[in-house]
Amino acid sequence: MQRIFVSTVALALAFGGAPLLTGCDRTVEHEKTVQEKANGGVEVKEKKVTENSDGTVTKTEKKDVHNP
């Protein structure tokens, strides 16, 4: 009986408890622009601002260029 209880608690923490303990990030701003160049290439810029569960703000910028 004790083995079943311990297994159930371990499973609950693995699947449900971990996100509750760490928290979730909240997306504050998300901007994505796609620009087509004259040579047929594509430039994709993405900016994202997230607020973490501890109150800190993280800004990320990503730029991809795809040439034919």
Side-chain angles (χ1 to χ4, degrees):
M1 184 68 178
Q2 187 179 4
R3 180 181 285 171
I4 294 172
F5 177 73
V6 171
S7 298
T8 305
V9 170
L11 257 152
L13 285 176
F15 290 108
L20 293 175
L21 295 175
T22 59
C24 297
D25 296 341
R26 183 175 70 97
T27 301
V28 178
E29 181 182 349
H30 184 252
E31 179 182 335
K32 182 176 182 178
T33 57
V34 179
Q35 186 177 23
E36 191 171 330
K37 299 292 184 178
N39 65 355
V42 177
E43 180 179 90
V44 179
K45 294 181 183 177
E46 189 171 0
K47 296 180 183 180
K48 188 175 182 180
V49 179
T50 57
E51 183 179 357
N52 301 324
S53 60
D54 60 355
T56 59
V57 176
T58 305
K59 297 178 185 180
T60 55
E61 293 186 23
K62 182 178 174 184
K63 180 180 178 181
D64 291 328
V65 178
H66 304 283
N67 291 323

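Just so it is clear, the structure is predicted and the values come from calculations on it, not from any experiment. Here, residue 1 is the first one in the sequence, and each next residue gets the next number.
Each side chain to side chain donor-acceptor pair (under 3.5 Å) pair with one or both residues in residues 56-67, not counting sequence neighbours, appears once here: Asn52-Thr56, Asn52-Thr58, Asp54-Thr56.
Qualifying side-chain contact (heavy atoms from CB on, under 4.5 Å) partners for Glu36, counting only residues two or more places apart in sequence or in other chains: none. Residues passing the side-chain contact (heavy atoms from CB on, under 4.5 Å) test with Arg3 are Ser7, sequence neighbours excluded.
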Please output the side-chain donor-acceptor pairs of residues 41-50 that fall under 3.5 Å, not counting sequence neighbours, one pair per line with the distance.
unit_1, atom_1, unit_2, atom_2, d
Glu46, OE2, His30, NE2, 2.7

